[in-house]
Structures are given as structure tokens and as C-alpha cells.
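Below is one structure, written out as C-alpha cells; the observations come after it.
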There are 2 protein chains.
Amino acid sequence: MADISRPSASPGASPLFLREDEIRRGVELLYFGYTRLTNAIDQELAKQGLGRAHHRALYFIARQPDLTVGELLRLLAITKQSLGRVLKELHDRDLVVTKTGPLDRRQKLLRLTDSGGTLEAELFAQLRERLSAAYVTAGQESVTGFWHVLEGLVPESDRQMVFDLRKDKV
Amino acid sequence: MADISRPSASPGASPLFLREDEIRRGVELLYFGYTRLTNAIDQELAKQGLGRAHHRALYFIARQPDLTVGELLRLLAITKQSLGRVLKELHDRDLVVTKTGPLDRRQKLLRLTDSGGTLEAELFAQLRERLSAAYVTAGQESVTGFWHVLEGLVPESDRQMVFDLRKDKV
DNA sequence: GAGATATGTCAGCCATGTTGACGTATCTTG
DNA sequence: CAAGATACGTCAACATGGCTGACATATCTC
């Protein structure tokens with residue numbers, strides 16, 4: 001992997017120059033990859049009169065049913081006022097229901113309704129389509145590399161939270 | 001699409017289920033990786049009273065000096081009215097200058113001023129710090145995998161434009 | 001019973017995107 | 001050369017989704 005470089009430039013090829021180009025390549029690909037992936041669902045969302053903020057909430061609730069409001073706040077890293085607006089709309093459209101926490105009655109556990117689940121599945125299908133095409137083209141080995149680099153971008157303090165999404169809730 | 005859902009049902013772990021989990025893992029890591037990386041520069045930007053929109057413009061102008069307004073519009077995929085506001089602010093603060101295109105006098109070529117370049121370099125340093133830490137942890141092989149997957153996420157129609165960022169302008 | 005915590009909500013502000021309409025300079029082409 | 005296309009700028013109005021600050025309620029913990 002020596003040849004990530006841009007050879008034609010300095011023949012001595014200072015490591016600093018190579019490094020900058022590698023970093024910029026990552027920044028750009030991350031930007032375009034992320035924005036183009038999210039674009040994939042905008043049309044579907046617009047049909048429902050919803051925005052990306054709604055999708056993020058739907059996504060995480062689908063991912064971890066019975067998530068509490070507080071946990072969702074930590075995942076999204078926004079204020080409760082902002083989230084409140086979104087959750088209220090999802091609730092008004094019967095996409096999300098809440099129930100009182102069984103252990104701590106102050107908590108509200110979030111869950112998708114049937115129609116909420118259907119909508120999330122439709123949106124997810126778009127993401128799946130794009131991402132699996134990219135996975136297939138790149139190959140399995142690249143996919144694990146992709147994951148490793150991204151994991152390294154998540155600050156230590158958030159990492160456990162992200163990993164926990166893959167566990168079933170108790 | 002009902003069958004993809006999460007099957008505590010199938011203990012045999014259908015390939016379909018694994019696929020969903022791989023896709024969700026990618027979606028989440030991309031979300032957290034991207035947002036946390038961009039968070040890295042928010043504080044620096046806030047000091048200057050600038051926002052992310054300004055940074056995106058600065059970044060691409062730094063990346064490809066003498067970029068035209070039209071090229072920048074295509075990269076950012078926003079309306080000229082939105083970009084106009086941002087460029088005006090950057091110009092008012094003496095971070096960006098324009099000159100008339102030498103071949104086509106309708107065009108305006110964008111370039112950073114000295115102070116614009118300094119600011120962009122400071123912001124880039126933050127990105128470099130985060131990304132290179134992630135690169136080092138993941139290893140060079142992972143980095144190329146990371147690039148490959150992301151390239152696959154960029155639609156065919158945009159890919160050339162993205163690759164051209166790595167070329168010097170004529 | 002006092003204080004901390006989880007949640008909700010009112011009110012207003014800001015950044016950054018959108019559409020639609022229109023103006024000017026310059027290039028291209030019949 | 002005249003007519004139309006193109007590159008850029010700008011006015012006005014509006015939507016989305018963040019933010020701060022302040023305050024209320026229910027519930028848990030000590």
C-alpha cells in the first residue's frame with residue numbers, strides 16, 4: 001500500500017504531502033458518501049411530509065425498540081426541545097407510541113406502530129439498496145476496513161453507546 | 001419486506017438477517033463517524049462566527065484553487081442563492097477573492113486569501129488529527145477498504161467530479 | 001420530606017436550505 | 001450581427017431543524 005500517493009509530485013515524496021492527500025481523500029469520500037446515501041431517502045420522506053430528523057428518530061427506535069427518550073437524546077445529540085417537536089409529530093401521525101417504563105415510571109419507552117414499522121422498512125430498503133451495492137462492489141474485506149476506520153472516528157466516550165445498538169435490549 | 005425483520009424466530013440466522021445487520025452497522029457507523037468528524041471543527045468555526053456551510057466552501061476552494069462558482073455549486077449540490085449568501089460572507093471577511101475567468105469572462109474563479117488559507121489550514125488540522133488517528137488504528141489495509149466502500153456510495157453520475165478533486169486544475 | 005432526575009412545553013432566535021422571478025454581462029451560433 | 005444560451009448575482013418569502021432560557025410535573029432516591 002505504498003502507492004496511495006500521487007507519484008508525479010515530489011520525487012522525494014515527503015510523508016507530509018502524502019498524508020495530506022490521504023486525509024483529504026477521506027474527508028471528501030466521507031462527505032459525498034454520507035450525503036449521497038441520505039439523499040437516497042429524501043424523496044420517500046418528502047412523500048410523507050417528513051424530514052430527515054424524523055427518519056433519524058424512526059431509525060433508532062426501529063433499531064432498539066423500547067428505547068427511552070433519554071437514550072434517544074444521547075444518540076442524536078440534540079436538545080430535548082428539538083427532539084420533542086419531532087416525537088410529537090411522529091406520535092400525531094401514529095408512527096410511534098410510548099409506554100411508561102416498567103422499572104422507572106418517569107421514563108417513556110418508545111416503539112414504532114405497525115405503520116411506523118412499515119415506513120421505516122421502506123426507508124431502510126433504500127439504504128440497503130445503496131449500501132449493499134457498495135459492499136458488493138468493494139468486497140467483504142473492504143467492508144470490514146470501512147467499519148474499522150469509522151469506528152476510529154467515533155470518540156471513545158460515544159463508542160459504547162454505538163456498539164450497544166447491536167445488542168438486544170434487556 | 002416483512003420477512004427481513006428481526007427474527008428472534010430464526011435461530012439458524014438466515015443470510016437475510018445477517019445482511020440487515022451489516023447494513024445497519026454501516027448506516028450507523030457512517031452517521032456517527034461523519035457527524036463526530038464534523039463536530040471536530042464546530043468550535044473553531046464558532047470562534048469565527050462561521051458555520052459549516054462556510055467551511056464546505058472554504059474546503060473545496062482550498063482543494064481546487066480557481067474553482068468556478070458553477071463547479072462549486074455542483075460539488076455542494078445547493079442552490080445558487082444559498083451559495084451566494086455564503087460566498088458573500090466569505091468575501092466580506094476577506095477570506096475569499098474572485099477574479100474574472102481568463103477564458104470565459106462570465107466565470108468567476110474562486111481563491112482563498114492568505115487569511116482564508118490560514119483559517120482553512122487550522123480547520124483542516126482538526127480533521128487531520130481525527131482522521132489520521134482513525135487511519136493509524138485501523139491500518140492501511142482498512143483505509144483502502146474504507147475508500148472503496150465510500151466510492152461505491154457515490155452515484156456514477158457524480159463520481160468523476162469527486163475524482164477530479166484530486167487532479168490539479170489545468 | 002428534600003432534592004435529583006426524566007420528561008414535556010412555551011417562546012423566540014439562528015443557520016441554512018428551498019422556490020420563483022428578474023437583471024446583466026458575456027459567449028455562441030445561425 | 002442579432003438572437004439566444006449561459007454564468008453569475010440578487011430580491012423576497014418561506015421551511016426545516018437546530019439552539020437558548022425558563023418553567024412545570026411526575027417520580028425516584030436518600
Side-chain angles (χ1 to χ4, degrees), chain A residues 31 34-35 38-39 41-43 45-61 66-93 96-111, chain B residues 31 34-36 38-39 41-61 66-93 96-111:
Chain A
Y31 169 72
Y34 179 78
T35 63
T38 61
N39 285 348
I41 56 175
D42 284 348
Q43 200 187 348
L45 281 168
K47 266 190 232 163
Q48 318 282 328
L50 298 173
R52 289 200 196 154
H54 303 93
H55 177 243
R56 286 195 284 272
L58 285 175
Y59 180 93
F60 285 118
I61 298 171
D66 288 341
L67 198 68
T68 69
V69 172
E71 286 167 336
L72 186 51
L73 277 174
R74 260 166 266 133
L75 285 165
L76 296 174
I78 59 176
T79 60
K80 65 178 173 177
Q81 294 91 326
S82 297
L83 179 58
R85 197 158 43 191
V86 169
L87 283 182
K88 186 175 185 316
E89 283 165 14
L90 293 177
H91 192 267
D92 288 350
R93 289 165 190 250
V96 165
V97 286
T98 62
K99 67 181 170 195
T100 300
L103 301 177
D104 184 336
R105 294 175 46 82
R106 292 171 302 180
Q107 294 183 330
K108 292 206 180 163
L109 308 189
L110 300 163
R111 198 171 259 274
Chain B
Y31 169 71
Y34 179 77
T35 63
R36 298 318 196 253
T38 60
N39 285 348
I41 56 175
D42 285 348
Q43 200 188 348
E44 203 91 22
L45 281 167
K47 265 191 233 162
Q48 318 282 329
L50 297 173
R52 292 202 194 152
H54 304 93
H55 176 243
R56 286 195 285 272
L58 286 175
Y59 180 93
F60 286 117
I61 298 171
D66 288 340
L67 198 68
T68 68
V69 172
E71 285 168 336
L72 185 52
L73 276 173
R74 259 166 267 132
L75 285 165
L76 296 174
I78 59 176
T79 59
K80 66 178 171 176
Q81 293 90 329
S82 298
L83 179 58
R85 197 160 38 192
V86 169
L87 284 182
K88 186 175 185 313
E89 284 165 13
L90 293 177
H91 192 267
D92 289 351
R93 290 165 190 249
V96 165
V97 286
T98 62
K99 66 181 171 196
T100 301
L103 302 176
D104 184 336
R105 294 175 45 81
R106 293 170 302 177
Q107 295 182 330
K108 291 205 180 163
L109 308 189
L110 300 163
R111 198 172 260 275

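Lettering follows sequence order; numbering is per chain, from 1. Hydrogens, waters and symmetry mates play no part in the numbers below; they use all other heavy atoms, side chains included.
- In this structure, B/G84 reaches neither bases nor backbone, as no heavy-atom distance under 4.0 Å exists between it and the strands shown.
- Side-chain N/O atoms of A/K108 include none lying less than 4.0 angstrom from OP1 or OP2 on D/dA26.
- Listed by chain and number, the residues in a side chain to side chain contact (heavy atoms under 4.5 Å, CB included) with A/R105 are A/T100 (sequence neighbours excluded).
- Residues passing the ring-ring contact (aromatic ring centres under 6.0 Å, His included) test with A/Y59, sequence neighbours excluded: none.
- Helix-axis bend for the helix from C/dG1-D/dC30 to C/dG30-D/dC1: the local axis fitted to the five terminal pairs at one end deviates from that at the other end by 30°, rounded to 10°.
- With sequence neighbours left out, A/R111 forms a side chain to side chain contact (heavy atoms under 4.5 Å, CB included) with A/P65, A/D66, A/V97, A/K99.
- Nucleotides of DNA chain C that come within less than 4.0 Å of any heavy atom of chain B span, from the 5' end to the 3' end, C/dT16 to C/dC27.
- Listed by chain and residue number, B/K47, B/E122, B/L123, B/Q126 satisfy the side chain to side chain contact (heavy atoms under 4.5 Å, CB included) test with B/E44 (two or more places apart in sequence, or in another chain).
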Which protein N or O atoms sit under 3.5 Å from an N or O of nucleotides 28-30 of chain D?
unit_1, atom_1, unit_2, atom_2, d
D/dC28, OP1, A/R105, N, 2.9

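- Projected onto DNA chain D by closest heavy-atom contact, B/L87 and A/V86 fall at different nucleotides, the more 5' of which corresponds to B/L87.
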One character per nucleotide, please: for nucleotides 19-25 of chain D, 5' to 3', B when the base has a protein heavy atom closer than 4.0 Å, S when only the sugar-phosphate does, - otherwise. BBBB---

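- Listed by chain and number, the residues in a side-chain hydrogen bond (donor to acceptor under 3.5 Å, both in side chains) with A/Y34 amount to none (sequence neighbours excluded).
- The list of salt bridge (charged side-chain N to carboxylate O under 4.0 Å, His left out) pairs with a residue in residues 76-90 of chain A, not counting sequence neighbours, reads A/K88-A/D92.
- Listed by residue number, A/G51, A/R52, A/A53, A/H54, A/R56 are the residues of residues 51-58 of chain A with a heavy-atom contact under 4.0 Å to DNA chain D.
- The side chain to side chain contact (heavy atoms under 4.5 Å, CB included) search around B/T98 returns B/K108, B/L110, not counting sequence neighbours.
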